[in-house]
Amino acid sequence: MPDPVVQERIEGREFTAKCLVGQAGVILRWRLVVKGGLAMVSRTCHYFEGQQ
């Protein structure tokens, strides 16, 4: 693989933002259960925790 992206493993909750092409908006979700890199259980949210 040419020019791979490598990131250190960090601890904490995993957050995902998905952009839907052709539709307005972005889906924000917490990945609660991940198996093999795939989200098995997630929860959508409308804001970042701690934001007012």
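Counting from 1, the numbers follow the sequence of the chain as shown. Here the structure is a predicted model, which means the values were calculated and not measured.
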Among residues at least two apart in sequence or on other chains, which ones pass salt bridge (charged side-chain N to carboxylate O under 4.0 Å, His left out) with Glu8? none
Which residues share a salt bridge (charged side-chain N to carboxylate O under 4.0 Å, His left out) with Arg31, sequence neighbours left out: Glu14
Residues at least two apart in sequence or cross-chain that pass side-chain contact (heavy atoms from CB on, under 4.5 Å) with Val33, listed by chain then number, are Lys35, Met40, Val41
